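Remember, predicted model here, so these are calculated numbers, not experimental data.
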Amino acid sequence: ERSLRSAKLGAGYDTQNIINGAVSWTHRSAFGGAQQFRVGLKASAILTEFRVGLTQPYVFGPRNWMNFGVFAVREEKGSGISQTEVGGNVVFERNIASRTTLFFETRGGLIDFKSDSLFSEFVTQFVDDQRDDFLDPSKGTFVRLEVRQKGALLRSNRELLQFTAEGRWYSDLPFSSVLATKLFGGLILNLSENDEIPEFERFRAGGLSSVRGWPFNELGPKDAMGDPLGGKSKFEASVELRTKVGKYFGAAFFVDVGNVDPGFGAFELDRYKWAIGGGIRYLSPVGPV
């Protein structure tokens, strides 16, 4: 039987996050009823977050969970664009099926510790995860749909509505190979009295988990100084062939495509940016490197 208490310590390196680390502590029955209490800290060059959370299982039935948390998050989006949020959230989680979940979240807090920057946020998310492996799937699908409304608390001068959809498909192929396909699309609608979407809230693309031919958040429209502006629409797609070479090694070859547009033109074919590449994979016991 697993211990009620556990601690985790981790560290890593990549060209986007640079040196990064994480430490966390979990109690799996904080009050004697399987409530999970968690304290965690993550830090890297682009993201630093501290979170305290409590999960209460079996709320009005065995398929419902409640999550309560407080957080402090600082995120860097490149070109000097950064933001710090402190606040709290409540998430109601409904397990529709064993691998299909519906989330309803409300968040609130303060941006950059400014007294006039109180915000509220409401998120509805649908997740269906039918992959056969979380870290290195060879078959199955993953679908995520999200609607997010964010604005200034009790005011209408900073309101936006965001829609995002993501799909991933994995297919077994001969010769120990896997075809991995990804699609992502997003739109932001401005609901505020101002015409501009806040710079930090705009879509950005490019980087290790995006279109890999561009540096972190560098794909898309730029200003006169060459700094990325972000946009109201975003499209990304990727097709990747992964194959094993022996027991512990493999190779991957990919084609990525995507675009970010200041309006709603990110889905127009003639505006796509393309990238082709490949790499060597080491199939470690804890996941591919």
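- For the pair Asp261 (side chain) and Asn259 (backbone), a donor-acceptor distance under 3.5 Å is absent.
- No side-chain donor-acceptor contact under 3.5 Å links Asn95 to the backbone of Ser98.
- Of the candidates Glu105, Gln125, Glu201, Arg148 forms a side-chain hydrogen bond (donor to acceptor under 3.5 Å, both in side chains) with just one, namely Glu201.
- A cation-pi arrangement is present between Arg212 and Phe254 under the rule of less than 6.0 angstrom and at most 45 degrees off the ring axis.
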task: Let me see the working for Arg38 and Thr55 under side-chain hydrogen bond (donor to acceptor under 3.5 Å, both in side chains), right down to the final yes or no.
output: CA-CA 9 Å; Arg38 303 171 302 277; Thr55 298; 2.9 Å; yes
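- In terms of heavy atoms, Glu93 sits closest to Thr101 at CG-CG2, 3.4 Å.
- Of all the heavy atoms in Pro221 and Pro262, the pair that sits closest is CG-CD, 3.7 Å.
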Dump the intermediate steps for side-chain hydrogen bond (donor to acceptor under 3.5 Å, both in side chains) on Thr106 and Asn89, then the final yes or no. CA-CA 6 Å; Thr106 179; Asn89 68 326; over 6 Å; no
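- Residue Gln36 comes nearest to Arg28 through the heavy atom pair CG-CA, 4.1 Å, listed as atom of the first residue, atom of the second, then distance.
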**Asked** Can you check side-chain hydrogen bond (donor to acceptor under 3.5 Å, both in side chains) on Gln56 and Gln35, steps first, answer last?
**Response** CA-CA 5 Å; Gln56 171 63 57; Gln35 301 92 350; 3.2 Å; yes
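- A cation-pi arrangement is present between Lys150 and Phe119, with the terminal nitrogen or guanidinium carbon under 6.0 Å from the aromatic centre and inside a 45° cone about the axis.
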- Task: For salt bridge (charged side-chain N to carboxylate O under 4.0 Å, His left out), just list the numbers for Asp136 and Arg281, CA-CA rounded to whole Å, side-chain angles, deciding distance to a tenth of an Å, and then say yes or no.
- Result: CA-CA 11 Å; Asp136 192 19; Arg281 307 176 86 216; 3.3 Å; yes
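- In this structure a side-chain-to-backbone donor-acceptor pair under 3.5 Å is present from Lys273 to Arg271.
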#### Entry: side-chain hydrogen bond (donor to acceptor under 3.5 Å, both in side chains) assessment of Ser44 paired with Asn20
CA-CA 4 Å; Ser44 73; Asn20 55 80; 5.9 Å; no
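- Formation of a donor-acceptor pair under 3.5 Å by the Asp227 side chain with backbone atoms of Asp223 is not found in this model.
- The shortest distance between side-chain heavy atoms of Val127 and Thr100 does not fall below 4.5 Å.
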**OP:** Decide yes or no on side-chain contact (heavy atoms from CB on, under 4.5 Å) for Trp169 and Leu183, but give the supporting numbers first.
**Re:** CA-CA 9 Å; Trp169 297 266; Leu183 287 174; 4.0 Å; yes
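- The side-chain tip of Lys232 does not point at the ring of Phe203 from less than 6.0 angstrom away and within 45° of straight on.
- No side-chain heavy atom of Val91 sits less than 4.5 Å from a side-chain heavy atom of Phe104.
- At least one side-chain heavy atom of Phe50 sits less than 4.5 Å from a side-chain heavy atom of Val52.
- Ring to ring, Phe103 and Phe126 are not that close: their centroids are 6.0 angstrom or more apart.
- For the salt bridge (charged side-chain N to carboxylate O under 4.0 Å, His left out) test with Glu85, the passing option among Arg107, Lys114, Arg51, Arg74 is Arg107; the others fail.
- Taken together through direct or relayed side-chain contacts under 4.5 Å among Ile, Leu, Val, Met, Phe, Trp and Tyr, Val59 and Leu54 form parts of separate hydrophobic clusters.
- Of all non-hydrogen atoms in Phe122 and Ser120, the two that sit nearest each other are CE1-OG, 4.3 Å.
- Seen from the ring of Phe184, Lys234 counts as a face-on cation partner, given the 6.0 Å and 45° thresholds.
- Leu47 and Ile81 are assigned to two separate hydrophobic clusters, defined by single-linkage of ILVMFWY side chains at heavy-atom distances under 4.5 Å.
- Between Tyr282 and Phe249, the ring centre distance stays below 6.0 Å.
- Contact detail for Ser233 and Phe267: the closest heavy-atom pair is CB-CE1, 4.2 Å.
- Taking every heavy atom of both residues into account, Val260 and Ala205 meet most closely at CG2-CB, 3.6 Å.
- Leu241 and Val245 fall into different hydrophobic clusters, defined by Ile, Leu, Val, Met, Phe, Trp and Tyr side-chain heavy atoms under 4.5 Å apart, directly or through other members.
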